[in-house]
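Report on one structure; see the data block that follows.
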Amino acid sequence: FKQKTAYEIYQCDWSSDVCSSDLNGQDGSYLAEYLLTLGYEVHGMVRRNSMSENQDSRVIHIADKITTHYGDLLDESSIDRILQEVMPDEIYNIGAQSHVRISFDMPQFTVKTNALGVLNMLESYRRICPKANFYQASSSEMFGNSVDEDGFQRETTPMHPVSPYGCSKMFGYSIVKNYRNSYKLHASNGILFNHESPRRGSNFVTNKVVKTAVQIHLGLAEKLELGNLDTYRDWGHSKDYVRAMHLIINHPEADDFVVSTMGTHSVREMTKYVFKRLGMNYEDYVIQNKIFMRPEELQYLKGDSTKARTILGWKPIYTFEEMLDEMIDYWLNVFKK
Ligand code: GDD
């Protein structure tokens, strides 16, 4: 048994309450846990932050089992140094400025990190450890408002991104394919639809709704301010999606795969479910605030993951309701303490 070395890239997560350079985004922490259960040696890159607590808060429970390295997707010398030191078998690039609305406020930082950052990774990978397998976290945001006639987005659906984030991810996706073909690298894209969990940053809509609804339920808040309630998302659980990442990177042929639940719900339906589970009517508490609206909005996502299910044998375990229930229970525990 050869113990494989996996190298994950964690970048500034921006998804926690504080804009922090967590080494441990939601996916990074679940992926690290999953790889450890499979016997991997796990290394992760972390950006320096003035609050050291924010760098490893989500992986603190496994801190003694993983190795962290200071680095930055925009600092090629740091990527070179880490890859030379670790010489990994698998490289997961899941670092990004991952918040779509914030990408309108910080378009240049978003594009540098999410587009140029991927190129920096690929260049170091190609020169230093080209025998490794590479996974790129691509996103359903790349589709924009493009939907196939049957109401799904799939690997063949045209991509027309509607945010700086989506545009930056489309570059990352394309350059991975280009490097795969040009240099015969085992570099793959996972086109992941929205995925959530109790570890989701609370400025993404699911965890924002759940956390605030629980606060209202316990008398700790009065109102919930949201943006657009009538957009649709295909929401899965991050734990299920990191399993897909591992299957994608280990597939004999490098390829691109949609990862999704094949269902869709509006923000309104999700909000209604969460408030109802807590014995409340969402209409009594939710107000719209245009600061949470986007200059251009992606209206509807529903992914067809038949390819991943057929070729990789992947399927999600969590239902939409089970995922939200887990998040509700998490916040009830936090605030009842
Ligand atoms: N964040 C947020 N906050 N979104 C809101 C709010 C609010 O107050 N009110 C309504 N929404 C709507 C957004 O306009 C969007 O239509 C939907 O809720 C989901 O927003 P997010 O949870 O912020 O996720 P996202 O779909 O923009 O992006 C996520 O999924 C992508 C995959 O499609 C992120 O995880 C991306 O990094 C990921 O690539």
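Ligands are counted one by one from 1 in listed order, and the atoms in each one are counted from 1 as well. Values below: all heavy atoms of this structure, side chains included; hydrogens, waters and symmetry mates excluded.
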In terms of side-chain geometry, is the basic nitrogen of Asp329 or Arg277 positioned less than 4.0 Å from the acidic oxygen of its partner? yes

Give the residue and atom name of whichever protein heavy atom lies nearest to atom 31 (C) of ligand 1, and the separation in Å to one decimal. Ser139 OG, 3.8 Å

Distance-only polar pair, side chains of Asn250 and His246, donor-acceptor under 3.5 Å: yes

Candidates Asn228, Leu226, Leu192, Ile102; heavy atom nearest atom 10 (C) of ligand 1 found on Asn228

State whether a side-chain donor-acceptor pair under 3.5 Å links Gln299 with Thr231. no

Where's the contact between Arg233 and ligand 1, heavy-atom distance under 4.0 Å: side chain, backbone, both or neither? side chain

What part of Asn203 sits under 4.0 Å from ligand 1 if we count only heavy atoms: the side chain, the backbone, both or neither? backbone

For Ser98, take its heavy atoms, then give the atoms of ligand 1 lying under 4.0 Å from any of them. 34 (C), 36 (C), 37 (O)

For atom 29 (C) of ligand 1, what is the closest protein heavy atom, and at what distance to 0.1 Å? Asn194 ND2, 3.5 Å

Which protein non-hydrogen atom lies closest to atom 28 (O) of ligand 1, naming both residue and atom, and how far is it? Val100 CG2, 3.5 Å

For atom 14 (O) of ligand 1, grab the closest protein heavy atom and report residue, atom and distance to one decimal in Å. Glu297 OE2, 2.5 Å

Can you find a non-hydrogen atom of His99 under 4.0 Å from ligand 1? yes

Check each atom of ligand 1 against the heavy atoms of Leu301 and keep those under 4.0 Å away; list them by number with element. 33 (O)

Have a look at ligand 1 and work out which part of Thr231, if any, has a heavy atom under 4.0 Å from it: side chain, backbone, both or neither. side chain

No-hydrogen, no-angle side-chain donor-acceptor test under 3.5 Å, Glu326 and His237: yes

So, Ser188 versus Gln136: side-chain donor-acceptor pair below 3.5 Å or not? no

Can you tell me if Ser146 and Thr157 form a side-chain donor-acceptor pair at under 3.5 Å? no

Between the side chains of Tyr300 and Asp230, is a donor N or O closer than 3.5 angstrom to an acceptor N or O? no

Could you check whether Asn207 and Ser202, counting side-chain N and O atoms only, form a donor-acceptor pair closer than 3.5 Å? no

Give a yes or no on whether a salt bridge exists between Arg200 and Asp27, defined as a side-chain N under 4.0 angstrom from a carboxylate O. no

Side chain, backbone, both or neither: which part of His195 has a heavy atom under 4.0 Å from ligand 1? neither

Is there a donor-acceptor contact under 3.5 Å linking the side chains of Tyr173 and Lys169? no

Top protein contact for atom 33 (O) of ligand 1, by heavy-atom distance: Ser140 OG, 2.5 Å

Side chains of Arg294 and Ser163 only: does a donor on one sit below 3.5 Å from an acceptor on the other? no

What part of Arg200, side chain, backbone, both or neither, has a heavy atom within less than 4.0 angstrom of ligand 1? side chain

If only side-chain N and O atoms count, and only distance matters, is there a donor-acceptor pair under 3.5 Å linking Asp234 with Thr261? yes

Considering only heavy atoms, does Arg101 approach ligand 1 within less than 4.0 Å through its side chain, its backbone, both, or neither? neither

Pairing of Lys131 and Asp89 as salt bridge, 4.0 angstrom limit: no

Please work out which of Tyr232, Tyr165, Phe143 has its closest non-hydrogen atom nearest to atom 38 (C) of ligand 1. Tyr165

Looking only at protein heavy atoms, identify the closest one to atom 20 (O) of ligand 1 and say how far it is in Å. Arg294 NH2, 3.4 Å

The atoms of ligand 1 lying under 4.0 Å from a heavy atom of Glu141, numbered in the order shown, are 33 (O)

Note: Val205, heavy atoms under 4.0 Å from ligand 1, region reported as both

shortest atom 9 (N) of ligand 1-to-protein heavy-atom contact is with Gly227 N, 2.8 Å

So for Lys208 against ligand 1, with non-hydrogen atoms under 4.0 Å, the contacting part is side chain

